[in-house]
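Data first, discussion second: the structure below is written as structure tokens.
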Amino acid sequence: MAEGKNLYETVIVTSAKLGEEGNAALVERFKTLIAENGTVQSVDDWGKRRFAYPINKQTEGYYTLIHFESGPDFTAELDRRYQITDGIVRTLIVKRDPRHIVERKPQKPQRAEDEGVDVEAIAVEAVEAPAAPESAE
């Protein structure tokens, strides 16, 4: 991670009235804005979903999740742009904690023989171990 930059994620809910093409154009506009001020790590389009309750007399919208890295001052500008853009129903910007981000690396399977573990001895002990005495009430 670059010095002075933080990891963020933002969820954008756009109006269903825009349609798929309008939603894609709006999301692309914000991806470009984020890329100009940081780096876009991933974009996850969740598609059209029904709201739990009506928002501005609308019952469904398109959800998009964007993970990005930028300076802390950019999030205020991004939020301001969200608020003045037509077609945006709801947004959320959250700072991600880098300690909780797990990067998945491909791992080769380990065999017990490589570790020096005697699998047969463990299996015999498990079978031959006496059952724990049950308490009589």
Side-chain angles (χ1 to χ4, degrees):
M1 188 165 70
E3 192 65 34
K5 298 216 175 197
N6 296 320
L7 298 173
Y8 295 96
E9 65 183 20
T10 181
V11 177
I12 306 168
V13 181
T14 58
S15 175
K17 294 177 184 177
L18 295 175
E20 287 189 33
E21 295 81 23
N23 174 55
L26 197 58
V27 169
E28 187 61 37
R29 189 169 121 193
F30 282 107
K31 277 181 17 184
T32 304
L33 176 67
I34 293 169
E36 290 172 359
N37 295 286
T39 56
V40 175
Q41 294 177 339
S42 67
V43 178
D44 189 13
D45 184 32
W46 293 349
K48 191 175 187 180
R49 305 279 174 124
R50 180 170 293 283
F51 298 149
Y53 53 88
I55 301 173
N56 299 334
K57 299 181 182 177
Q58 297 182 42
T59 57
E60 51 189 20
Y62 290 95
Y63 286 73
T64 304
L65 172 69
I66 301 174
H67 290 207
F68 65 98
E69 181 179 359
S70 73
D73 54 340
F74 171 65
T75 57
E77 174 63 17
L78 181 62
D79 191 42
R80 185 187 74 78
R81 296 261 182 111
Y82 283 156
Q83 291 176 5
I84 63 173
T85 303
D86 290 336
I88 300 284
V89 178
R90 287 281 194 270
T91 61
L92 177 69
I93 302 172
V94 178
K95 181 179 175 184
R96 296 167 52 199
D97 189 352
R99 295 176 295 180
H100 297 173
I101 299 173
V102 179
E103 292 185 24
R104 305 265 184 224
K105 295 180 183 176
Q107 297 179 355
K108 62 179 183 177
Q110 293 182 339
R111 297 188 340 223
E113 293 82 25
D114 295 340
E115 297 285 326
V117 176
D118 189 4
V119 178
E120 292 179 15
I122 294 172
V124 169
E125 286 178 17
V127 171
E128 293 177 355
E134 295 182 17
S135 61
E137 294 183 21

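- Remark: E60 CD to S15 OG distance equals 9.5 Å, nearest 0.5 Å.
- The closest side-chain heavy-atom distance from R29 to L33 is not below 4.5 Å.
- A 4.5 Å side-chain heavy-atom check between L18 and Y62 finds every atom pair outside the cut-off.
- Between Y63 and W46, the ring planes are parallel. Angles under 30° get that label, and only those over 60° would be called perpendicular.
- Formation of a donor-acceptor pair under 3.5 Å by the T10 side chain with backbone atoms of L92 is found in this model.
- Going from atom OG1 of T32 over to atom CG of N37 covers 11.0 Å, rounded to the nearest 0.5 Å.
- In E20, the CD atom is not crowded: 12 or fewer heavy atoms of neighbouring residues, nucleotides or ligands sit closer than 6.0 Å.
- A perpendicular orientation is assigned to the rings of F74 and F68, their planes being inclined by more than 60° (bins at 30° and 60°).
- Taking 4.5 Å as the limit, every side-chain heavy atom of F30 sits out of range of all side-chain heavy atoms of V27.
- Both I12 and V40 belong to a common hydrophobic cluster when Ile, Leu, Val, Met, Phe, Trp and Tyr are linked at side-chain heavy-atom distances under 4.5 angstrom.
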Give the intermediate values and the outcome of side chain to side chain contact (heavy atoms under 4.5 Å, CB included) for residues I34 and Y8.
CA-CA 11 Å; I34 293 169; Y8 295 96; over 6 Å; no
Pair K5, E69 - check salt bridge (Lys or Arg N to Asp or Glu O under 4.0 Å), show working.
CA-CA 6 Å; K5 298 216 175 197; E69 181 179 359; over 6 Å; no
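- Of all heavy-atom pairs spanning K48 and A16, the tightest one is CE-CB, 3.9 Å.
- N23 and T14 share a donor-acceptor pair across their side chains, judged by distance under 3.5 Å alone.
- For the pair L65/E9, a side-chain contact is recorded, criterion being any heavy-atom separation below 4.5 Å from C-beta on.
- When every heavy atom of P72 is checked against every heavy atom of N6, the shortest pair comes out as CB-ND2, 3.8 Å.
- Contact record, G38 with S70: CA-CB, 4.2 Å, taken as the closest heavy-atom pair.
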Run the side chain to side chain contact (heavy atoms under 4.5 Å, CB included) test on Q41 and L7 for me, step by step, so that the C-alpha distance in whole Å, both residues' side-chain angles and the decisive distance to 0.1 Å come before the verdict.
CA-CA 9 Å; Q41 294 177 339; L7 298 173; 3.3 Å; yes
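- A distance of 10.0 Å separates CD1 in I66 from CG in D45, rounded to the nearest 0.5 Å.
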